[in-house]
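Take a look at the structure set out below.
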Amino acid sequence: MLSPLQKALLPGAVLVAFLCASPAAGKDSYKGSLDPSIPHHAAILDTLSKLEKGPADAALYNDLGCLVAWDGFWRDALRSFDAAAKLAPKDSRPSFNAGLVEALRGDWGGARSRFHKAVKTDPGNWSAWWMLGFAEEMLGHEGAAVDAYSRSLR
């Protein structure tokens with residue numbers, strides 16, 4: 001039997017476990033909620049259909065990640081962005097988009113890592129430099145934030 005304190009802490013513990021679950025957990029969990037009559041879901045289904053025909057298309061994985069992130073399925077979105085980055089290592093968009101997802105989740109360390117990868121891949125990606133600066137600022141690294149912000153303005 002749980003004590004009153006344990007009962008009070010249980011919902012928070014469940015939430016923490018859910019938020020800290022690894023990206024591998026619950027693969028493709030969004031698929032069960034797709035309704036083809038909703039245009040956004042129809043776009044996801046269309047992208048999945050195209051991926052069946054062209055499983056090595058990095059742009060499609062990036063698009064799928066964006067569509068799935070829109071519905072809040074962060075882990076599935078991150079998996080799609082990782083697949084896109086692996087297929088197109090010279091494209092900074094998947095890393096940038098993954099950084100946005102990490103930022104939305106409040107994981108500023110993860111966001112910084114993703115934005116850093118994006119600027120390493122494409123040093124001219126000003127928006128990735130800006131978001132790297134914001135991530136650094138959120139982490140309390142003022143000097144690194146100022147440096148990244150200034151690079152975004154060059």
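For this chain, numbers begin at 1 and follow the sequence in order. These numbers come from the heavy atoms of this one structure, side chains and all, not from hydrogens, waters or symmetry mates.
- The two residues V101 and A69 have their closest heavy-atom pair at CG2-CB, 3.9 Å.
- Remark: aromatic rings of W130 and F115 are distant, center separation not under 6.0 Å.
- The two atoms that bring H116 and L132 nearest to each other are N-CD1, 4.1 Å, heavy atoms only.
- The side-chain heavy atoms of S29 and D76, taken from C-beta on, include a pair separated by under 4.5 Å.
- Pairs of residues two or more places apart, or lying in two chains, that qualify as ring-ring contact (aromatic ring centres under 6.0 Å, His included) and include a residue from residues 57-83 are H40-W70.
- Note that CD of E137 is 7.5 Å distant from CD of E142, once rounded to the nearest 0.5 Å.
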Pairs of donor and acceptor atoms involving the side chains of residues 88-95, under 3.5 Å and at least two apart or interchain, shall be tabulated with distances.
from: D91; atom 1: OD1; to: R93; atom 2: N; distance (Å): 3.0
from: D91; atom 1: OD1; to: R93; atom 2: NE; distance (Å): 3.1
from: D91; atom 1: OD2; to: R93; atom 2: NE; distance (Å): 3.2
from: D91; atom 1: OD2; to: R93; atom 2: NH2; distance (Å): 2.7
from: S92; atom 1: OG; to: N125; atom 2: ND2; distance (Å): 3.0

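- Between the side chains of S80 and N62, not a single donor N or O lies within less than 3.5 Å of an accepting N or O.
- R114 is listed as a side-chain neighbour of D82, based on a closest heavy-atom distance under 4.5 Å.
- Between L45 atom CG and I38 atom CD1 the span is 10.5 Å, to the nearest 0.5 Å.
- Annotation: the span from L100 atom CG to F96 atom CZ amounts to 4.0 Å, rounded to 0.5 Å.
- When side chains are defined from C-beta on, D71 does not count as touching Y30, because their heavy atoms never get closer than 4.5 Å.
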Please determine whether side chain to side chain contact (heavy atoms under 4.5 Å, CB included) holds for the pair L87 and D57, giving the CA-CA distance in whole Å, both sets of side-chain angles, and the decisive distance to 0.1 Å. CA-CA 7 Å; L87 289 168; D57 190 330; over 6 Å; no
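- Distance check: M138 CE to M131 CE gives 9.5 Å after rounding to the nearest 0.5 Å.
- Listed here is the closest heavy atom pair of A58 and A84: O-CB, 3.3 Å.
- Residues meeting the side-chain contact (heavy atoms from CB on, under 4.5 Å) test with K50, sequence neighbours left out: D46, L60.
- For D147 and R151, the salt-bridge test passes: some basic side-chain N is under 4.0 Å from an acidic carboxylate O.
- Looking at S113 and K117, their side chains never come closer than 4.5 Å, going by heavy atoms from C-beta outward.
- Of the inter-residue distances, the one linking R154 atom CZ with W129 atom CH2 reads 8.5 Å to the nearest 0.5 angstrom.
- Placement of V146 and V119 in two distinct hydrophobic clusters is found when ILVMFWY residues are connected by side-chain heavy-atom separations under 4.5 Å, directly or transitively.
- Using a 4.5 Å cut-off on side-chain heavy atoms (C-beta onward), L78 and E102 make contact.
- Atom-to-atom distance recorded for W108:CH2 and H141:NE2 is 13.5 Å, nearest 0.5 angstrom.
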